[in-house]
Amino acid sequence: MTLTGMMLIGVESHRGRNGEIRAIDPSTGAALDPAFGGGGAAEVDRACQLAWDAFDRFRETAPEDRAVFLEAVARNILDLGDELIVRAVAESGLPRARLEGERGRTVGQLRLFAAVVREGSWIGARIDPALPERAPLPRPDLRQRRIPLGPVAVFGASNFPLAFSVAGGDTASAFAAGCPVVVKAHSAHPGTSELVGRAVQAAVAECGLPEGVFSLIFGAGTSVGTALVADPRIKAVGFTGSRRGGVALMEVAAKRPEPIPVYAEMSSINPAFLLPAALAARAEALGRGFVASLTLGAGQFCTNPGILLAVDGPDLDRFVAAAVEALGGSAAPTMLTPGIHAAFDAGVAALADNALVATLARGLDGDGPNQCRAALFATTADAFLDDPSLREEVFGSASLLIRCPDLESLRAVAERLDGQLTATLQMDAADAGAAAALLPTLERKAGRILANGWPTGVEVCHAMVHGGPFPATSDSRTTSVGTAAIERFLRPVCYQDIPAGLLPESLRDGNPLGLWRRVDGALGRH
Ligand SMILES: NC(=O)C1=CN([C@@H]2O[C@H](COP(=O)(O)OP(=O)(O)OC[C@H]3O[C@@H](n4cnc5c(N)ncnc54)[C@H](OP(=O)(O)O)[C@@H]3O)[C@@H](O)[C@H]2O)C=CC1
Ligand SMILES: O=C(O)CCC(=O)C(=O)O
């Protein structure tokens with residue numbers, strides 16, 4: 001497929017006139033063809049109007065039809081073949097194998113949401129039949145289902161050009177809920193975005209859905225994204241990116257005459273607690289495992305282990321020696337964009353220049369542009385508690401070890417942490433007491449708590465929580481990965497004494513869709 005540099009507004013391809021966006025190959029620094037025309041207010045307006053026009057029809061599509069649509073998107077992405085992978089490699093600097101895996105995850109995610117739509121429990125059907133004889137007051141007939149919020153604005157993420165981008169988890173879960181989607185493409189991978197966008201656009205047409213179910217807009221800077229979130233026809237936002245960007249969009253959404261939810265996944269430093277018995281038993285293996293997680297994908301994961309906490313002593317020294325050796329020999333992979341590389345270097349320099357912080361190790365230097373030289377630092381619990389700058393995310397392979405005098409101080413540090421996506425416990429049986437003492441704090445701080453693993457690599461499944469208190473996300477009640485992500489785009493409606501002929505199928509007597517429903521409090525397929 002020839003890349004056109006055009007936006008996709010419903011069925012149309014449209015050349016933007018507001019400046020040009022060119023992807024940069026971060027491994028060479030070279031600008032890639034073609035130039036993509038940036039959108040403006042007119043394109044945002046048109047895409048939002050089409051999305052609004054599509055909403056009532058799309059939200060009432062039968063579950064089977066919506067599932068078939070999600071599967072068509074998955075199939076069309078696979079049909080793009082190698083062209084998609086080659087372009088994504090050029091635009092992101094990520095290795096081919098990683099992007100092939102990410103494509104598999106993206107397609108699997110779409111198919112999983114197809115299964116969720118068919119299964120139907122997301123509708124949340126509840127029926128409390130009328131009790132006309134109840135004294136002193138009769139009960140009316142009450143029936144509840146969940147309906148989609150409306151058109152959703154999705155911001156593609158730089159670090160997952162497929163799985164968190166045009167047809168990634170936010171888009172898949174919004175479609176599954178019945179929401180049209182307007183994507184603001186990430187300017188780092190416009191070609192990948194156009195390819196995937198065309199796959200989605202074709203699926204909309206193949207399934208006979210209204211054209212406004214999907215649009216794709218380009219736009220560098222803040223104006224297109226801001227206009228999209230401010231548009232009254234947009235009813236929710238999905239975002240993965242920087243804290244600054246996420247907070248700016250939260251503010252735009254909150255200032256609207258009708259504020260809307262923003263589901264922003266932003267910044268997390270993912271504390272890992274190295275508990276004493278685990279350190280005593282396997283300090284060296286932990287050191288090597290930690291460096292493998294820290295350096296995976298140049299550390300460009302929001303689940304990257306950015307701080308370590310442990311009680312100081314000889315076992316911690318063994319861990320440090322192993323980590324320093326592994327990190328010192330780690331190669332310098334290419335980062336996603338010159339901007340992300342510059343932010344990484346600035347964050348590392350700030351830590352290196354901090355008088356309260358010691359540099360333990362740096363990875364190997366690279367010989368190309370935008371390469372990530374891994375870094376490991378150490379500080380004390382007191383310094384960490386005193387200096388709020390040490391709690392900030394450095395996006396990339398950089399981590400800070402906090403040496404604590406005892407377990408009490410380790411708990412005090414944990415208590416001062418901001419909200420996190422993950423918290424990791426490295427523990428053996430003898431650490432159970434220390435872990436139990438930490439758990440209430442970790443539950444308050446993080447969306448996912450894991451033992452004896454490392455936090456990078458998020459399973460797409462039913463029980464996953466990829467979320468957490470601010471600043472990890474803007475709304476700790478939800479997840480952006482896994483099937484529960486659909487909940488973000490639904491709201492309940494109750495029908496009181498509505499005549500049978502007007503009720504949606506999901507709430508009709510006789511259960512024509514065969515759903516699991518809660519009838520008079522009892523859950524069953526009735
Ligand atoms: N926690 C996480 O999961 C991630 C964190 N990051 C962090 O973000 C930094 C920058 O990376 P990047 O991916 O570009 O993230 P950004 O937050 O800068 O950008 C994400 C998307 O939002 C848009 N955007 C950003 N700010 C605004 C705004 N104020 N108003 C409207 N739209 C906005 C961007 O537009 P445009 O396309 O024009 O840039 C882009 O489409 C990294 O260095 C890292 O610190 C990055 C990726 C993931
Ligand atoms: O590791 C993953 O699978 C997801 C990580 C993520 O959401 C991110 O880095 O933005």
Side-chain angles (χ1 to χ4, degrees), residues 21-32 36 84-103 105-106 154-170 183-196 218-221 225 239-246 264-268 270 293-304 306 330-348 363 366-375 393-399 421 456-458 480:
I21 297 157
R22 263 181 201 273
I24 307 278
D25 179 340
S27 67
T28 61
L32 299 172
F36 289 74
L84 177 64
I85 301 297
V86 169
R87 182 72 192 191
V89 168
E91 292 187 329
S92 69
L94 292 170
R96 183 183 174 90
R98 147 73 198 268
L99 286 162
E100 285 172 346
E102 198 183 321
R103 176 177 59 184
R105 172 175 170 170
T106 308
V154 169
F155 288 75
S158 57
N159 61 338
F160 278 83
L162 301 172
F164 283 75
S165 202
V166 175
D170 284 341
V183 173
K184 152 69 178 80
H186 198 288
S187 302
H189 54 262
T192 308
S193 298
E194 183 186 338
L195 289 170
V196 175
F218 298 115
F239 172 93
T240 301
S242 67
R243 179 168 172 173
R244 189 199 299 191
E265 191 230 286
M266 298 172 287
S267 92
S268 181
N270 304 300
S293 176
L294 178 70
T295 53
L296 186 73
Q300 299 169 117
F301 295 101
C302 51
T303 48
N304 195 45
S330 68
T334 304
M335 298 194 85
L336 293 157
T337 68
I340 286 175
H341 176 248
F344 173 76
D345 275 355
V348 166
D367 53 8
N370 304 311
Q371 286 178 308
C372 173
R373 199 175 157 212
E393 180 186 46
V394 177
F395 191 69
S397 301
S399 193
L421 292 170
T456 40
V458 177
S480 63

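Shown here are the side-chain hydrogen bond (donor to acceptor under 3.5 Å, both in side chains) partners of Thr192, two or more places apart in sequence or in another chain: Glu91. Every ring pair (Phe, Tyr, Trp, His ring centres under 6.0 Å) that Phe301 has, sequence neighbours left out, goes to Phe160.
Residue pairs meeting the salt bridge (charged side-chain N to carboxylate O under 4.0 Å, His left out) criterion with at least one member in residues 155-164: none, sequence neighbours excluded.
At distances below 3.5 Å, at least one donor-acceptor pair connects side-chain atoms of Ser397 with backbone N or O atoms of Gly299. A donor-acceptor pair is defined here as one N or O able to donate and one able to accept, closer than 3.5 Å; such a pair exists between the side chain of Asn370 and the backbone of Pro26. A distance-only check finds a donor-acceptor pair linking the side chain of Asn304 to the backbone of Gly396 [under 3.5 Å]. Side chain of Asn159 to backbone of Gln300: a donor-acceptor contact under 3.5 angstrom is found.
In this structure, CG on Leu162 lies 7.5 Å from NE2 on His189, to the nearest 0.5 angstrom. A distance of 9.5 Å separates CE in Met335 from OG in Ser158, rounded to the nearest 0.5 Å. Between the CG atom of Leu336 and the CD1 atom of Ile24 there is a distance of 13.5 Å, given to the nearest 0.5 Å. Atom CE of Met266 and atom OG1 of Thr240 lie 10.0 Å apart (nearest 0.5 Å). Rounding to the nearest 0.5 Å gives a distance of 8.5 Å between CD of Glu102 and CD1 of Ile85. Note: Arg243 CZ to Cys302 SG = 14.5 Å, rounded to the nearest 0.5 Å.
Heavy-atom minimum distance, Arg103 versus Leu84: CD-CD2, 4.3 Å. Closest approach of Ile340 and Thr337 over heavy atoms only: N-OG1, 2.9 Å. Here the shortest heavy-atom pairing between Cys372 and Ala298 reads SG-O, 3.8 Å. Glu393 and Ser268 get closest at one heavy-atom pair: OE2-O, 3.5 Å. Heavy-atom minimum distance, Phe239 versus Gly245: CZ-C, 3.8 Å. Minimum interatomic distance between Ala220 and Ser187 (heavy atoms only, all atoms of both residues): CA-OG, 3.8 Å.
Thr334 and Ser27 are not linked by any side-chain donor-acceptor pair at a separation below 3.5 angstrom, with hydrogens and angles left out of the test.
Proximity of Phe218 to Ser193: side-chain heavy atoms (C-beta onward) are separated by under 4.5 Å at one or more points. Two residues are said to be in side-chain contact when any heavy atoms from C-beta on lie closer than 4.5 Å; Ser92 and Leu99 meet this criterion. Side-chain contact between Val166 and His186 is absent, with no heavy-atom pair separated by less than 4.5 Å.
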- Task: Check step by step if side-chain contact (heavy atoms from CB on, under 4.5 Å) holds for Asp170 and Phe164.
- Result: CA-CA 7 Å; Asp170 284 341; Phe164 283 75; 5.9 Å; no
